[in-house]
Amino acid sequence: MEASCPFCGDHGAGKYHLSLNTRKNVYRCNLCNARGNSVSLFARIEGISNRQAFHALSEEGRLYRFPQQPLSKKPPEREPASLAARHDTYYDMLSHLELSPKHKADLLSRGLSEERIAQNLYRSLPAGDRPRRFLAGMLADFHNLEGIPGFYVDDGGYWNISGHSGLLVPYCDKGGYIQGMQIRLDDEIKPDRKYRWLSSRTRKHGTRSLSYIHVTGNIHAKTAYLTEGGLKGDVASFLDQDALFLCFAGVTAIGGLKDALKNLSISEAVIALDMDKMMNWRVRKALDNIMELMSSFPGIKVRLMNWNATFKGVDDFYKARNYAYSKGVNILDIRSNLITRHLDELWKKEYPRQDRGFIHTCEWEELTVPLYQLKCELPEDEEKMEQYKQMLLDGQVDFPPLVCVNRTVIDGRYRFYAYLDLGYEEVKIYQNVPWALPTAA
């Protein structure tokens, strides 16, 4: 059973992340990693201890477990076919498809060469039902499509291909075999919903797709970079002289990472998550889980990679870095100032477990900005926020500037909402200076 998580604000329609296993009496959220049983769930919701929750539920015979669901009459989900069958089918499928001019232009704008675009087998999935049915029927003459994610039998009794139109991105293993494919959707506006697995999970004779780890670049390298997104990894690898990248589909989709790493002879792993890890608590939580996983590998040195927060992803940073270098500019030449040193000391004191590398990847400035221009996560402790409001009303303290990255508050959330509730129009902030190529270059 799937539901909306009460702890992390998981409210995406049709995309719930809280899994309730009513047979085993356990729950787990795939976003915030909250887990436990029915007693601990009740305890956390009510803000009491597990012992108090047990007594509250068991008094007068009121102890209950998750509601039992009737046994499903649906057959068990079909598991994907073997890697060899998937690779052969997908390879033949891609060989019969073309890359649209729009998709090719987008790939070139990311920094890929035409040769690398052809090598990576990117193709466009057509929108119309007729070409998909024709292609699936042709493939069915040479391959068994049972167990191949993305293929299904439509209402007319013909093999067809599921999914919205978009750019097909193959996810390969270290040997170059296609494990599965993602679609970069053409008609999706929300960035976090832009990529979907090619899957036919709910269709007749359809098959779900698993979440695979994409391996790209020099597989003999001793250093592996870990990032989110197969296309991002392809671009970053190309822009960094075929560096080895291991790419998961989402920051929480790291189930196959351990097996992927076992098949490589690396001595160093560099975690290169997007720089929104400073503003997104879900990404920060996922980073902790990845660090914990990587610590289980003896002999592998683990480090975090940071870059100027003007650029969200490692691919964006590499593209800007290479362009700057072509103009004789080193993008890493950053001038330190008093704000830099202040933030370094602040993070040592207030956030000792967080990596401080981001502070030294950019220049900082003090600004006075309209409050409405800033974004900020809602704080958990309303009582603490009220205390800050009262201090402002009493004039007890002169608060330091809020600390922002790309106009998102990363230090001073309680102060931000105190300012907001009291009607402040402008506030002082320490803001990273967006990087730009020097005029002289």
Side-chain angles (χ1 to χ4, degrees), residues 77-99 107 112 115-125 135-136 138-152 159 161-163 166-184 195-201 206-238 242-250 253-266 269:
E77 283 191 316
R78 182 180 287 105
E79 291 296 313
S82 68
L83 174 60
R86 279 178 279 134
H87 171 79
D88 289 346
T89 304
Y90 287 143
Y91 188 87
D92 282 357
M93 171 186 172
L94 295 174
S95 68
H96 287 89
L97 291 173
E98 296 180 343
L99 184 64
L107 293 170
L112 291 171
E115 181 182 9
R116 184 56 60 93
I117 290 171
Q119 180 182 324
N120 288 352
L121 295 176
Y122 304 118
R123 296 291 188 272
S124 300
L125 184 62
L135 176 58
M138 185 168 55
L139 292 172
D141 292 337
F142 300 94
H143 303 279
N144 179 10
L145 300 185
E146 297 272 0
I148 307 298
F151 292 91
Y152 71 100
W159 280 104
I161 302 173
S162 183
L167 174 70
L168 288 170
V169 180
Y171 267 58
C172 302
D173 69 357
K174 63 171 288 188
Y177 291 95
I178 303 173
Q179 308 168 90
M181 287 198 285
Q182 279 202 319
I183 311 172
R184 187 179 188 276
Y195 290 87
R196 307 279 181 86
W197 286 107
L198 180 63
S199 173
S200 47
R201 181 178 187 175
T207 306
R208 64 171 182 157
S209 175
L210 303 181
S211 187
Y212 301 103
I213 303 296
H214 176 53
V215 182
T216 183
N218 178 13
I219 61 172
H220 303 294
K222 293 300 180 183
T223 297
Y225 294 82
L226 278 54
T227 195
E228 178 187 2
L231 179 57
K232 180 184 299 176
D234 282 342
V235 174
S237 174
F238 175 72
D242 284 333
L244 174 61
F245 271 79
L246 274 66
C247 316
F248 26 85
I254 59 173
L257 186 57
K258 202 164 188 176
D259 288 336
L261 285 165
K262 284 180 180 178
N263 296 324
L264 298 167
S265 301
I266 67 168

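- With values rounded to the nearest 0.5 angstrom, Leu264 atom CG is found 12.0 Å from Thr223 atom OG1.
- Residues meeting the side-chain contact (heavy atoms from CB on, under 4.5 Å) test with Ser199, sequence neighbours left out: Arg201, Arg208, Ser209.
- Of the possible polar contacts, none joining the Arg123 side chain to the Leu99 backbone as a donor-acceptor pair under 3.5 Å is found.
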Ignoring hydrogens and angles, write down the donor-acceptor pairs under 3.5 Å from the side chains of residues 215-222, residues two or more places apart or on other chains.
from   : atom 1 : to     : atom 2 : distance (Å)
Thr216 : OG1    : Asp234 : OD1    : 3.0
Asn218 : OD1    : His220 : N      : 3.0
Lys222 : NZ     : Ser265 : O      : 3.3

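- Taking CZ of Arg78 as the start and CD1 of Ile148 as the end, the distance is 10.5 Å to the nearest 0.5 Å.
- Side chain of His214 to main chain of Cys247: no donor-acceptor pair is present (N/O by atom type, distance under 3.5 Å, no hydrogens or angles).
- The closest donor-acceptor contact from the side chain of Gln179 to the backbone of Ile213 lies under 3.5 Å.
- Going from atom OG of Ser237 over to atom OH of Tyr225 covers 10.5 Å, rounded to the nearest 0.5 Å.
- Side chain of His87 to main chain of Ile178: a donor-acceptor pair is present (N/O by atom type, distance under 3.5 Å, no hydrogens or angles).
- When atom types are taken as modelled, the side chain of Ser162 and the backbone of Ser200 share no donor-acceptor pair closer than 3.5 angstrom.
- Rounded to the nearest 0.5 Å, atoms CG (Leu125) and CZ (Arg184) are 14.5 Å apart.
- Rounding to the nearest 0.5 Å places CG of Asn144 at 12.0 Å from CG of Leu139.
- Evaluation of the side-chain contact (heavy atoms from CB on, under 4.5 Å) rule for Glu228 yields Phe248, Val251 as partners, not counting sequence neighbours.
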